[in-house]
Undergrad: 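Okay, handing you the structure first.
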Amino acid sequence: MDNDQFEHRKEKLNELRSLGINPFANGYKPDTLAGGLISKFGETPANELESRNEDYSLAGRVVGLRDFGKSIFFHIADRSGKMQGYLKTDVVGEDSLKFFKKFVDLGDFIGIRGNLFKTRTGELTVNVKEFKLLTKTLHPLPEKWHGLKDVEARYRQRYLDLISNPEIREIFLTRSRIIKLIRMFLDQRDYIEVETPILHPIAGGAAARPFETHHNALGMDLYLRIAPELYLKRLVIGGLERVYEIGRTFRNEGVSTQHNPEFTMIEFYQAYATYEDLMDLIEELICLLAHEIKGSLVFEYGGSEIDMTRPWKRINIIEHLEKTLGKEVLSDDAKLFEKARSLGVDHKGIRGKAIVETFELLTGEELRNPAFVYGFPLDVSPLARKNEADADITDRFELYIFGREIANAFSELNDPIDQKERFLSQLDLKLKGEEEVHEMDEDFVTALEHGMPPTAGAGIGIDRLVMLFTNSPSIREVIFFPHLRPE
RNA sequence: GAGCCGUUAGCUCAGCUUGGUAGAGCAACUGACUUUUAAUCAGUGGGUCACAGGUUCGAAUCCUGUACGGCUCACCA
């Protein structure tokens with residue numbers, strides 16, 4: 001950490017203090033943003049700018065510095081963009097220029113005030129009349145041309161990544177816009193946003209390994225939620241007919257380009273809707289995002305094209321397998337298990353698992369453009385409503401885009417007796433060797449016994465959605481601080 | 001968890017094949033320069049070559065192990 005540049009800057013800091021100048025000054029109030037000035041005056045002719053002769057004050061980090069002896073050009077960056085400043089002896093005086101040259105380094109924050117002019121090359125520039133050092137920086141910034149490339153440093157010191165790689169900032173601005181648009185979309189449809197517990201006594205609502213924690217005063221173990229589902233449905237029971245929650249969810253599983261131990265999902269529930277209604281709703285929502293973010297329903301991701309033109313494909317899992325494997329395989333468990341095994345599926349004698357995982361292995365290109373996959377078997381869908389024509393499957397679908405699961409939704413099971421049996425049958429799966437099953441939640445069953453209106457609900461992985469719309473190859477690119485091992 | 005690849009100055013990278021006292025650009029420092037914008041010009045300093053062992057007269061370079069990271073696979077959303 002300690003290098004000559006760090007030492008130089010510390011010396012400057014001490015010298016400033018001995019001069020009675022606070023190197024971490026407070027209270028400077030800029031009246032303008034760089035981006036605002038550029039959009040307002042970027043096209044204004046030079047002579048008109050001169051005749052206006054209005055002063056503006058800006059503040060920001062010094063991100064470029066060119067010293068010409070008796071004058072200095074620099075750029076400062078604020079949240080809106082960059083602005084060039086020009087400092088010359090004629091205007092600020094010799095002492096002030098010397099001070100700047102001696103004490104202002106790349107990376108420092110300064111406030112500047114002056115009128116606007118255009119340089120020979122036409123760049124809008126502040127003719128600095130006065131400036132103030134606001135924050136001294138002790139470390140040099142990453143290299144100006146190549147930025148910060150080292151992936152590990154980018155994640156561990158994300159602030160440096162954000163300073164030196166403008167495209168990273170754009171990714172996170174887009175992330176923020178996407179979440180805002182989703183809120184707007186649901187709010188317009190009379191949904192309310194709610195918050196439910198993150199600390200759960202029973203890790204329910206999904207089949208995943210939870211993080212465990214402990215409450216000292218209550219003397220009880222708790223789990224970080226693996227899904228908000230069961231709490232949101234309790235709210236529907238309570239009469240909140242349209243609810244959604246956007247929030248962090250935690251799963252104690254592997255880390256990859258698609259998985260972070262904590263990730264953001266949205267779940268929403270709508271009374272009197274069916275899973276088919278949610279297909280339409282999700283289609284509409286994601287197309288809105290594509291339109292707002294990409295300006296088109298056809299855009300590039302990972303070097304290939306994604307076409308979101310509606311209507312989206314709807315693929316029945318069973319029919320798809322019957323077509324690719326033959327009807328006889330689906331009608332005979334022994335044949336199905338053997339086929340699944342031969343493809344490398346560890347189905348543990350669970351029919352639903354064999355079907356779903358075999359399906360996933362056998363699909364490819366057809367799941368690149370958005371596709372609703374439906375017809376999920378009952379035993380792998382313990383919270384979903386039974387299909388009225390076929391008791392072996394549920395009214396559930398998953399949305400795939402670019403071969404990735406983006407959303408999972410279903411008509412909710414609201415029969416408490418059936419729900420209890422489904423929980424119990426999850427125990428059978430556990431006995432067959434399935435490690436991750438849905439836990440029995442008696443309290444939730446009691447809630448259902450008080451009556452949940454017919455309802456459909458969905459969960460969407462926000463991080464994956466953001467990846468799609470920012471053309472990011474890894475989930476780590478859309479999460480500010482992805483989990484890494486300690487250095 | 002397994003396989004492959006990577007780790008050299010504050011940053012971006014050469015050097016490793018074929019072992020012989022560590023290189024460039026940016027950044028820093030000194031100086032010149034009043035419209036530059038990757039400013040330019042002259043000069044200077046800066047390294048536990050990730051870490052630990054081994055081979056060798058001699059290791060950034062070859063070998064082994066460890067740590068961290070990336071990609072692929074497995075579990076999963």
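All values below come from the heavy atoms of this structure, side chains included, with hydrogens, waters and symmetry mates left out.
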Undergrad: Parallel, tilted or perpendicular for A:F172 and A:F480, by the 30°/60° rule?
TA: parallel
Undergrad: Need the pair for B:A52. Rule: Watson-Crick or G-U wobble, both distances under 3.5 Å, any strand; none if unpaired.
TA: B:U64
Undergrad: Which whole number of Å gives the distance between the C1' atom of B:A22 and that of B:C16?
TA: 13 Å
Undergrad: Counting heavy atoms from C-beta on, name the nucleotide in B:U36, B:U34, B:G70 closest to the side chain of A:K70.
TA: B:U34
Undergrad: Indicate, yes or no, whether a donor-acceptor pair under 3.5 Å links the base of B:U36 to the side chain of A:T119.
TA: yes
Undergrad: Starting the side chain at C-beta, find the nucleotide from B:U34, B:G70, B:G45 nearest to A:Y155.
TA: B:G70
Undergrad: Let's test your reading of the model: under 3.5 Å, does the base of B:U35 pair with the side chain of A:E123 as donor and acceptor?
TA: no
Undergrad: With a cut-off of less than 4.0 Å, is there a side-chain N or O of A:S474 near OP1 or OP2 of B:G70?
TA: no
Undergrad: Which of these nucleotides, B:C75, B:C29, B:G10, is closest to any side-chain atom of A:E436?
TA: B:C75
Undergrad: Given B:C75, is OP1 or OP2 found less than 4.0 Å from the side-chain N or O atoms of A:R209?
TA: no
Undergrad: Would you call A:R79 and A:R169 a side-chain contact if the rule is heavy atoms closer than 4.5 Å?
TA: yes
Undergrad: Students often get this wrong, so: under 4.0 angstrom with heavy atoms, is A:G459 touching a base, only sugar-phosphate, or nothing?
TA: nothing
Undergrad: Which nucleotide in the set B:A77, B:U36, B:C26 lies at the smallest distance from any side-chain heavy atom of A:K144?
TA: B:C26
Undergrad: What integer number of Å spans the C1' atoms of B:G19 and B:C26?
TA: 31 Å
Undergrad: What orientation do A:F6 and A:H139 show, parallel under 30°, tilted 30 to 60°, or perpendicular over 60°?
TA: parallel
Undergrad: Which nucleotide, B:U35, B:A77, B:C11, lies nearest any side-chain atom of A:E143?
TA: B:C11
Undergrad: Taking atom P of B:A77 as reference, at what distance in whole Å does atom CE of A:M265 sit?
TA: 10 Å
Undergrad: Which one is paired to B:A2, where only Watson-Crick or G-U wobble pairs with both distances under 3.5 angstrom count?
TA: B:U72
Undergrad: Where the side chain of A:E253 is defined as all heavy atoms beyond and including C-beta, which of B:C11, B:A77, B:U34 is the nearest nucleotide?
TA: B:A77
Undergrad: Give the nucleotide from the list B:G10, B:A27, B:C68 with an atom nearest to the side chain of A:R485.
TA: B:C68
Undergrad: Can we say A:R251 and A:E436 salt-bridge, meaning some charged N sits less than 4.0 Å from an Asp/Glu carboxylate O?
TA: no
Undergrad: Applying a 4.0 Å non-hydrogen cut-off, can you work out what A:K82 is touching in the nucleic acid: base, sugar-phosphate, or nothing?
TA: nothing
Undergrad: Would you indicate whether the side-chain heavy atoms of A:F410 and A:R385 approach each other to under 4.5 Å?
TA: no
Undergrad: For the side chain of A:R66 and the base of B:U36, is some donor closer than 3.5 Å to an acceptor across the two?
TA: yes
Undergrad: NA contact type, A:T249, heavy-atom cut-off 4.0 Å: base, sugar-phosphate, or nothing?
TA: nothing
Undergrad: Does OP1 or OP2 of B:U36 have a side-chain N or O of A:R120 closer than 4.0 Å?
TA: yes
Undergrad: Hey, does the side chain of A:K102 come within less than 4.0 Å of B:U30's phosphate (OP1/OP2), counting only N and O?
TA: no
Undergrad: Under 4.0 Å, heavy atoms only, any strand: does A:K149 hit a base, just the sugar-phosphate, or nothing?
TA: sugar-phosphate
Undergrad: Give A:N260 one of three labels, base, sugar-phosphate or nothing, depending on what nucleic acid heavy atoms sit under 4.0 Å from its own.
TA: base
Undergrad: Just to be sure I understand the rule, does A:D90 reach a base, reach only the sugar-phosphate, or reach nothing, if contact means heavy atoms closer than 4.0 Å?
TA: base
Undergrad: Say we look at B:G15 and B:A60: how far apart would their C1' atoms be, to the nearest angstrom?
TA: 8 Å
Undergrad: Return the nucleotide paired to B:G10: Watson-Crick means purine N1 to pyrimidine N3 with N6-O4 or O6-N4, wobble means G-U with N1-O2 and O6-N3, both under 3.5 Å.
TA: B:C26
Undergrad: Please pick, from B:G10, B:U36, B:G70, the nucleotide with the shortest atom-to-atom distance to any side-chain atom of A:P140.
TA: B:G10
Undergrad: Need one value for A:D67: base, sugar-phosphate or nothing, where a base atom within 4.0 Å counts as base even if backbone is also close, heavy atoms only.
TA: base
Undergrad: From the list B:A39, B:U12, B:C11, which nucleotide is the closest neighbour of the side chain of A:H146?
TA: B:U12
Undergrad: Do A:D4 side-chain and B:G45 base share a donor-acceptor contact under 3.5 Å?
TA: yes
Undergrad: Which part of the nucleic acid does A:L484 contact within heavy-atom distance under 4.0 Å: base, sugar-phosphate only, or nothing?
TA: sugar-phosphate
Undergrad: Do the two ring centres, one from A:F469 and one from A:F299, sit under 6.0 Å apart?
TA: yes
Undergrad: Check the orientation of A:Y231 and A:H200. Use parallel for under 30°, tilted for 30 to 60°, and perpendicular for over 60°.
TA: tilted
Undergrad: Which whole-number value in Å describes the distance from A:L468 CG to B:A77 C1'?
TA: 14 Å
Undergrad: Send over the distance from A:I479 CD1 to B:A77 C1', rounded to a whole Å.
TA: 11 Å
Undergrad: Between A:Y400 and A:E366, does the side chain to side chain donor-acceptor pair (under 3.5 Å) criterion hold? Intermediate values first, please.
TA: CA-CA 9 Å; A:Y400 277 80; A:E366 58 265 53; over 6 Å; no
Undergrad: Figure out the CD/P separation between A:Q157 and B:G10, and round it to whole Å.
TA: 13 Å
Undergrad: Between B:A28, B:U34, B:U35, which nucleotide has the shortest distance from any of its atoms to the side chain of A:F73?
TA: B:U35
Undergrad: So for A:Q5 and B:A27, does any side-chain atom that can act as donor or acceptor lie under 3.5 Å from a complementary atom in the base?
TA: yes
Undergrad: Kindly check if the number of other-residue, nucleotide or ligand heavy atoms within 6.0 Å of CD (A:E193) is above 12?
TA: yes
Undergrad: Going by purine N1 to pyrimidine N3 plus the second Watson-Crick contact, or the G-U wobble pair, all under 3.5 Å, which nucleotide sits opposite B:U40?
TA: B:A32
Undergrad: Give none if B:G47 has no partner; otherwise give the nucleotide forming a Watson-Crick or G-U wobble pair with it, both distances under 3.5 Å.
TA: none
Undergrad: OP1 or OP2 of B:C71 less than 4.0 angstrom from a side-chain nitrogen or oxygen of A:R476, does that happen here?
TA: yes
Undergrad: Go ahead and name the base partner of B:U18; Watson-Crick or wobble counts if both distances stay under 3.5 Å, otherwise write none.
TA: none
Undergrad: Which residue lies toward the 5' end of RNA chain B, A:H75 or A:R251, if each is placed at its nearest nucleotide?
TA: A:H75
